[in-house]
2 protein chains.
Amino acid sequence: MASDHTRSAILTAAERLYADRGFSDVTLRDIVAEAGVNLAAVNYHFGSKDELIAELFVTRSIATNRERLRELKAAEEQGGGRAPIEVILRALVGPTLRGCLGPENQRSTAARFMIRASIESVPPIRRIKNREIDHLRKFAGAMRRALPERSDVDIYWGLNFALAMAHHTIRESERLTKLSEGKCDLDDVEDVVARVVSVATMALTAGKAETKAAARVAAR
Amino acid sequence: MASDHTRSAILTAAERLYADRGFSDVTLRDIVAEAGVNLAAVNYHFGSKDELIAELFVTRSIATNRERLRELKAAEEQGGGRAPIEVILRALVGPTLRGCLGPENQRSTAARFMIRASIESVPPIRRIKNREIDHLRKFAGAMRRALPERSDVDIYWGLNFALAMAHHTIRESERLTKLSEGKCDLDDVEDVVARVVSVATMALTAGKAETKAAARVAAR
DNA sequence: GATAGTTTCATACAACTGTTTGAATTGCAA
DNA sequence: TTGCAATTCAAACAGTTGTATGAAACTATC
């Protein structure tokens, strides 16, 4: 492999264009024009368009997951194999939120790309996301150790809701800003993380009976 | 307008195909074949492919929103202009969840279509969703009346998290089932509604200071 | 039953897509 | 320098897409 110049030029250009304009209206011709390389180079270096997209997503995805696990491991080691639930949740949603939110003008291309990937959900990316389950299982395990009295069902629902709040906030950040007329400050990432972690923690630690009963009463 | 036969045959076929196979790999030719009508009929009756998709989505979307507002209004009238927060949240997420979840084999085409729309997010649908803000404002108003001591910011975050949990659970229902090895029963819609409402209520009613402080402590 | 308006139809259009080809070029090793 | 493999390139390919056209068939009105 001589110099990788063409290969990485394609990756850079593709990530930028996808981030800016979305997957559905960026063609290979747009990408090679931006990268200043020949059209055939994409298929030569990546095999296909989908494999290019997959490589882009996998790279970023691995980085996030590594950061998540790093935080989780650090927390569990510090607590002798058992970390507080807040810290586990923070390790789960923190890296994603930090990677995607923050002041728009200083948002990295990688961040904007991941937001796109979260909004548009194109086939090659969906395939990769489906393999994320093993990764999530590690968090489910840590959560179970942190809350041994909780049922598995409650753990999974808590995990689901934590991811829900993080991802939805990323996906719909624009709408939330508009709806709240700017009152919700999505640039203050640590505040967002704190809010998500706080609510998810409540979801997981609230009195068992109380939780479901109260809601059912409301249903009447 | 003679009989609408062709027009509604197209709508039915399109909704079914989009629901089953997604937007990206269903072409107009697939739709007219399924509907047993001529290719040109789509452009004749709807103007364009995007307008067909928009009509499908708007129809279902209006139905859900109407149901939401009906429940909200009923609750507020019963409470003399002020409904309990749980009931408001139930009106917000209940219709959507009931419309999309439930036993898979008895899930309506409309339900499966709306799940697709929530997963794939194609341009004409995104445009419509952006106009949903006015609708959400009505819920924000009701929530503000129910919790007058809460700040607007907290209200909007609570609204955001409630929608997050509902939509994410719909989008990722398959993954949650797989992750939990079937332990999370997504066919029990009323249980899902209760869980979402319960957590969202906690998010909105938890002690102000406590909430953020606790999470910040975890951050250390 | 002629007429005007609507609807259907087969067909063509024009553009764009990702991919392939085979020749030209480059760069490194012998 | 020669030879060989890796890379780049222009060009074409093969297929698909949504849309437009103009004639034919139908429908209701008078």
Side-chain angles (χ1 to χ4, degrees), chain A residues 1-58 113 116-117 120-128, chain B residues 1-58 113 116-117 120-128:
Chain A
M1 204 170 299
S3 84
D4 260 4
H5 171 275
T6 303
R7 209 186 130 85
S8 59
I10 292 172
L11 285 170
T12 306
E15 185 167 49
R16 214 179 72 77
L17 288 179
Y18 284 144
D20 287 344
R21 293 164 31 195
F23 295 99
S24 54
D25 50 71
V26 171
T27 70
L28 288 187
R29 282 169 177 81
D30 293 333
I31 293 171
V32 298
E34 171 88 5
V37 304
N38 187 271
L39 175 60
V42 173
N43 289 278
Y44 178 79
H45 287 281
F46 299 92
S48 71
K49 183 198 182 190
D50 277 12
E51 288 173 89
L52 165 61
I53 294 178
E55 174 150 344
L56 282 171
F57 184 74
V58 164
F113 173 82
R116 276 289 174 198
E120 280 200 36
S121 167
V122 48
I125 290 183
R126 236 172 298 157
R127 277 192 286 273
I128 294 164
Chain B
M1 204 168 297
S3 83
D4 260 5
H5 172 276
T6 303
R7 209 185 128 85
S8 57
I10 292 172
L11 285 170
T12 305
E15 186 168 48
R16 214 179 72 75
L17 288 178
Y18 284 143
D20 287 345
R21 294 165 27 197
F23 294 99
S24 54
D25 51 69
V26 171
T27 71
L28 288 188
R29 282 168 178 81
D30 294 332
I31 293 171
V32 297
E34 171 89 5
V37 304
N38 187 270
L39 174 60
V42 173
N43 288 277
Y44 178 78
H45 285 282
F46 298 92
S48 71
K49 183 198 182 187
D50 277 12
E51 288 173 87
L52 165 61
I53 294 178
E55 173 150 344
L56 281 171
F57 184 73
V58 164
F113 173 82
R116 276 288 175 200
E120 279 200 36
S121 167
V122 48
I125 291 184
R126 236 173 298 159
R127 277 192 287 272
I128 294 163

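Note: hydrogens, waters and symmetry copies are ignored here, and every other heavy atom, side chains too, is used. Letters go in sequence order (proteins before strands), and every chain restarts at 1.
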task = Go through the structure and list residues passing salt bridge (charged side-chain N to carboxylate O under 4.0 Å, His left out) with B:Glu51, not counting sequence neighbours.
result = none

query = At under 4.0 Å, does any side-chain N or O of B:Thr6 touch on OP1 or OP2 of C:dT7?
reply = no

remark   = Rounded to whole Å, NE2 of B:His5 lies from C1' of C:dT8 at a distance of 12 Å

query = What is the distance, rounded to the nearest whole Å, between atom CD1 of A:Ile10 and atom P of C:dG18?
reply = 13 Å

inquiry  = Using a 4.0 Å cut-off on heavy atoms, which residues in residues 38-48 of chain A reach DNA chain C? List them by number, or say none.
reply    = A:Leu39, A:Ala40, A:Asn43, A:Ser48

task = Run through A:Leu52, A:Val58, A:Ile53 and flag the one making a side chain to side chain contact (heavy atoms under 4.5 Å, CB included) with A:Pro124.
result = A:Ile53

Side-chain polar contacts of residues 32-46 of chain B - donor-acceptor pairs under 3.5 angstrom, sequence neighbours left out - could you list them?
from    : atom 1 : to      : atom 2 : distance (Å)
B:Glu34 : OE2    : B:Arg16 : NE     : 2.9
B:Glu34 : OE2    : B:Arg16 : NH2    : 2.8
B:Asn38 : OD1    : B:Ala40 : N      : 2.8

query = Partners of B:Thr12 by side chain to side chain contact (heavy atoms under 4.5 Å, CB included), sequence neighbours excluded?
reply = none

Qualifying residues under ring pair (Phe, Tyr, Trp, His ring centres under 6.0 Å), relative to A:Phe113, sequence neighbours excluded = A:Phe23

Separation of D:dA6 C1' from A:Arg7 CZ (nearest whole Å) = 14 Å

query = Where is the tightest heavy-atom contact between B:Ala13 and B:Ile31, given as atom of each residue plus distance?
reply = CB-O, 3.8 Å

key: Sub-4.0 Å heavy-atom contacts from residues 16-29 of chain B onto DNA chain D, ordered by number   = B:Thr27, B:Leu28, B:Arg29

